[in-house]
Structures are given as C-alpha cells and as structure tokens.
**Q** 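I'd like to ask some things about the structure below.
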2 protein chains.
Amino acid sequence: MKNSQLYKGSLNTIIMKLLEENGKMYGYEITQKVKIITHGELNITEGALYPALHKLEAEGILDVEIAKVDNRMRKYYKLTESGQKETVNRLAELEDFIRNMQSLVNPKSNLEF
Amino acid sequence: MKNSQLYKGSLNTIIMKLLEENGKMYGYEITQKVKIITHGELNITEGALYPALHKLEAEGILDVEIAKVDNRMRKYYKLTESGQKETVNRLAELEDFIRNMQSLVNPKSNLEF
DNA sequence: TAGTTATGTATAAGAAACTTATGTATATTT
DNA sequence: AAATATACATAAGTTTCTTATACATAACTA
C-alpha cells in the first residue's frame with residue numbers, strides 16, 4: 001500500500017481505539033474496518049498487524065480469545081483493564097500530536113496563543 | 001524527550017513546511033522553532049535532525065549554504081524547486097493523514113459519509 | 001473443475017526513522 | 001571556573017514498519 005510514512009507509530013493507537021469502541025475484534029476484521037473508515041486510504045498489512053497484536057498482548061494491553069467460525073480460526077482481542085487505562089493516555093497523546101502538527105503546518109491556527 | 005511514537009515519520013514534513021514558510025533556516029533554528037510552536041511538547045533531537053537534513057539534501061529536496069556568524073558555523077537550508085513541489089504533496093498527505101486519524105478516533109466526525 | 005479471490009493467521013529478512021550517547025567547537029551566563 | 005547555550009556531526013542500537021513467504025479453508029469464476 002502507498003501508506004505515507006506519517007502512519008508510522010500510529011498503529012497501536014488505532015488498534016486500541018477500535019477495540020475500545022467495539023469491545024472485541026479479530027485481526028482481519030481490524031484491517032477491513034480501517035480500510036472502510038479511511039475509504040481505502042489506509043491499508044494495514046498483516047506483517048505489521050499481527051506482530052503488533054502479539055506485542056500488545058505480551059505487554060498486557062490485550063487479552064486474546066480463540067474461536068472457530070466456519071471451520072476457520074479467529075483470534076478475538078479485547079482490551080485488558082490496564083489496556084483501557086493506557087488507551088485513554090494514547091488517545092490524549094494523539095490529540096496533542098494532531099494539535100501540534102496543525103500548529104506547525106497551519107500557523108494561522110496559532111492566533112489564540 | 002518524551003515525544004510519543006506518533007511523531008515518527010513526520011520529521012521530514014515538519015522540516016519542509018518550516019522551510020517553505022521561512023525561506024531558509026539552519027538546523028538549530030529549526031529545533032528551537034518547533035519547541036516554541038509546540039510549547040515544548042515536541043523536541044527534535046540532533047540525532048534525528050541532522051541525518052534527516054543530509055538525506056533531504058542528497059535527494060535534491062534541499063539546498064545548503066554555509067555561513068559563519070559570531071565565529072560559529074551555520075548551515076542554512078532552503079527548498080529547491082523540486083523540493084517546493086514535493087512539499088505541496090507532503091502537506092496534502094499530512095492533511096489526509098490527520099483527517100483519517102480523526103475519522104478513526106472520533107467516529108462521530110464520520111457522519112457526513 | 002481448475003484457478004483466483006476472499007478469509008484468517010503467522011513469521012522472517014530487510015529497510016527506514018528514530019533514540020541515545022558521544023564528540024567537537026565557540027559564546028555566554030553564573 | 002563551570003555550566004549553559006549555540007551549532008554541527010556520527011555511530012550503535014531499537015522500534016516499527018514493508019515485503020515476501022507460508023499455511024489453511026471457503027467462495028466465487030472461467
């Protein structure tokens with residue numbers, strides 16, 4: 001995919017936010033959801049997604065629950081308690097980040113400072 | 001600095017935008033400007049900045065001009081012609097990125113879709 | 001029915017962008 | 001005299017990603 005470099009570092013936040021919103025999701029479902037929401041502009045690759053999910057699980061941010069649907073495996077992920085707290089922080093960081101980037105790129109939006 | 005991971009990938013865009021706006025700047029000046037604009041929240045380290053400037057120069061995005069002020073060296077960077085064109089693209093990418101991230105994080109902002 | 005696309009997960013090799021640490025040098029402030 | 005500010009540079013290591021490959025089942029298509 002022609003994802004710009006800008007998305008680097010944002011994958012964990014995206015995953016955590018989607019799980020906060022939807023309770024539990026499996027990997028493939030996350031990729032499809034992101035594709036729909038961004039109108040195809042952001043395509044999360046498996047090579048990025050699965051290692052990220054495994055790491056978040058190892059860090060205690062996510063819990064996993066294995067299911068079998070239509071004879072195919074699914075691994076449902078959901079936020080742990082500490083994961084829910086951490087998600088609040090990550091979303092605050094994202095808001096700060098977006099605000100700062102807008103200040104840098106659109107100096108006129110700085111008039112209130 | 002406690003820069004969140006989110007800034008990863010945004011440095012080139014920041015540099016190019018500041019140069020588009022200010023004509024020419026030197027490295028240290030860029031770090032200070034960013035610190036001011038973001039109220040200290042984003043601190044660009046030298047280890048990230050100088051290699052990034054060298055790479056942008058090697059790619060023909062930036063031109064360099066060496067000066068000596070107060071017996072200290074300064075390297076002023078400015079956008080080349082192709083750098084100016086590329087900056088337009090990068091800023092458009094940044095706008096798309098921010099819009100997509102807002103769609104992911106604040107689903108209510110998706111009502112128009 | 002053979003082949004492609006979709007669904008679903010996984011990992012390994014390499015690239016890219018960063019952090020952290022270190023180095024050099026001059027000017028200014030304490 | 002020592003610390004801080006100004007100014008640039010690079011090397012080692014980490015993190016996050018891309019690209020490629022692998023396995024497996026289901027559904028669609030030529």
**Q** Map B/Y77 and B/Q32 onto DNA chain D by nearest heavy atom, then report which one ends up closer to the 5' terminus.
**A** B/Q32
**Q** What are the two closest non-hydrogen atoms of B/M16 and B/G83, and how far apart are they?
**A** CE-O, 4.0 Å
**Q** What is the distance from CG of B/N43 to P of C/dT19, rounded to the nearest Å?
**A** 9 Å
**Q** Give me the residues of residues 66-76 of chain A where at least one heavy atom lies under 4.0 Å from an atom of DNA chain D, by number, or none.
**A** A/D70, A/N71, A/R72
**Q** Between D/dT10, C/dA16, D/dT15, which nucleotide has the shortest distance from any of its atoms to the side chain of A/Q5?
**A** C/dA16
**Q** Taking the side chain of A/Y50 as heavy atoms from C-beta outward, which of C/dT9, D/dA7, C/dA17 is closest to it?
**A** C/dT9
**Q** Mind listing the closest non-hydrogen atom pair of B/A52 and B/L11 along with its distance?
**A** CB-CD2, 3.9 Å
**Q** Please determine if B/E20 and B/K17 form a salt bridge, counting it only when a charged side-chain N lies under 4.0 Å from a carboxylate O.
**A** yes
**Q** Which residues, if any, of residues 7-27 of chain A bring a heavy atom under 4.0 Å of DNA chain D?
**A** A/Y7, A/K8, A/G9, A/S10, A/L11
**Q** May I ask you to establish whether A/K75 and A/Y26 are in a cation-pi arrangement, using a distance under 6.0 Å from NZ or CZ to the six-membered ring centre and at most 45° from the ring axis?
**A** no
**Q** Salt bridge or not for B/E59 and B/K55, using N-O below 4.0 Å?
**A** yes
**Q** What does A/E29 touch in the nucleic acid at a heavy-atom separation under 4.0 angstrom: a base, only the sugar-phosphate, or nothing?
**A** nothing
**Q** Whether A/H54 contacts C/dT9 is assessed here as follows: a side-chain N or O lying under 4.0 Å from the phosphate OP1 or OP2. Is that the case?
**A** no
**Q** Less than 4.0 Å between a side-chain N and a carboxylate O, is that true for A/R90 and A/E86?
**A** yes
**Q** So which heavy atom on A/L19 is nearest to which on A/Y77, and how close?
**A** CD2-O, 3.2 Å
**Q** In whole angstrom, give the distance that lies between atom CD1 of A/I44 and atom C1' of C/dT7.
**A** 17 Å
**Q** Please check if the side chain of A/T38 supplies one atom and the backbone of B/N100 the other of a donor-acceptor pair under 3.5 Å.
**A** no
